[in-house]
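Since the structure comes first, as structure tokens, the remarks are kept for the end.
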Number of protein chains: 2
Amino acid sequence: MPPSFDLESFLPYRLNRAAELISLSFAREYKQRYQMTRPEWRTLAALGSAGRMTATEVGAHSNMHKTKVSRAVRELEQRRWLKRTEDDADRRVEHLELTAAGLKAYREIADLARTYQASLEQVLGAGAIERIEAGLADVERALLAKT
Amino acid sequence: MPPSFDLESFLPYRLNRAAELISLSFAREYKQRYQMTRPEWRTLAALGSAGRMTATEVGAHSNMHKTKVSRAVRELEQRRWLKRTEDDADRRVEHLELTAAGLKAYREIADLARTYQASLEQVLGAGAIERIEAGLADVERALLAKT
DNA sequence: TCGAATTGGTTGCAATTGTAACCGTTGATT
DNA sequence: AATCAACGGTTACAATTGCAACCAATTCGA
């Protein structure tokens, strides 16, 4: 029999558990107040934080399936929080951008996010989050290199 | 305007992205070979690694919704990888346990998992995974304390 | 320059998931 | 004991999701 295996120290498992926990925890902050789903918030955040982008870029950036992005974009557009403009060079591409209303919503929720993270950092101690994120970046790099 | 917000350093976002990435990456190792879904693997792993448990305990342990657990258990049972035995004191409770076949499957997949993590550690350097997991443990503690 | 392959994006459909309501059992309150 | 809340677990139903097939536009290659 091979050396023992402890699920508790298996990284995919641990990452998933932590991610689901924190995701739910933060979702409670905006789901009710802004009637927004997670893909929508992610899209809003991507656009609000990095500016004008295409749907494909949003997906690549936040690792969301393109149909998820497509639907989130449709939702946000209907809410008039986002507008599309077609690229004049390549007519397949559409550039996405937040409207004034979208930007306003983004700022409010970003504010929640900042507060949320600050309170977490309060508990964890200074630098703790940065250290975790540096570790995550390494993991992502390793995985993406893995083909 | 409040101080800037960068999605890229927002922990829920970063955790989710990394978790989805690694989860997919490892799922490729067993989905095909063992025709198993993620909840099934999680349940199998929980039982294989911690032994006899109830469904509620599996859920609490791996942070899965109880309907997810219920369905995974049904699947595993049909495959004869798991058996239920009722508690004689409390007839609501059922204890879950892997069969010999289930244990065998568990060991094989655990082997994949060990190899997977070893190759990751190879890239990341010694101790890197432990450090990340320690950080995650802190985060989970903080979140669970948060009511 | 024509056809095949690729790309950005959407959609139909089937599978996965969460919510809420439920069943039978147990524990607490009276 | 009788009632009622709580609990372990399942299930019906609705919402969310992913896969695959698709459309239109573009690029590649012979």
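Letters A, B, ... mirror the listed sequences (proteins, then strands); counts begin at 1.
Interface limits on DNA chain D: the 5'-most and 3'-most nucleotides within less than 4.0 Å of chain A heavy atoms are D:dT17 to D:dT26.
Summarising the geometry, atom CH2 belonging to B:W41 is positioned 11.0 Å from atom CD belonging to B:E29; distances are rounded to the nearest 0.5 Å. Interatomic distance, CZ of A:R80 versus CG of A:L82, reported as 11.5 Å (0.5 Å rounding).
When all heavy atoms are compared, the tightest approach of B:L143 to A:S25 is CD2-OG, 3.7 Å.
Judged as a ring-ring contact (aromatic ring centres under 6.0 Å, His included), and not counting sequence neighbours, the contacts of B:Y116 are B:F26. Scored by the side-chain contact (heavy atoms from CB on, under 4.5 Å) test, B:A27 finds B:Y30, B:K31 as partners (sequence neighbours excluded).
A heavy-atom distance below 4.0 Å to DNA chain C is reached by these residues of residues 67-94 of chain B, ordered by number: B:T67, B:K68, B:R71, B:A89, B:D90, B:R91, B:R92. For residues 41-60 of chain B, proximity to DNA chain C is found at no residue, defined as any non-hydrogen atom under 4.0 angstrom from a strand atom.
Inspection of the A:Y34 and A:E108 side chains reveals an N or O donor paired with an N or O acceptor under 3.5 Å.
Other residues, nucleotides and ligands contribute at most 12 non-hydrogen atoms within 6.0 Å of the NZ atom of A:K104. When the shell of 6.0 Å around CD of A:E97 is examined, it contains more than 12 heavy atoms from other residues, nucleotides or ligands.
One atom, CE of B:M64, and another, P of C:dT16, lie 15 Å apart when rounded to the nearest Å. In this structure, A:H65 atom NE2 and C:dT16 atom C1' are separated by 14 Å, rounded to whole Å.
Without hydrogens or angle criteria, A:E77 side chain to A:R84 main chain gives no donor-acceptor distance under 3.5 Å.
The side-chain hydrogen bond (donor to acceptor under 3.5 Å, both in side chains) analysis of residues 134-145 of chain A, with sequence neighbours excluded, yields the pairs A:D138-A:R141, A:E140-B:R17.
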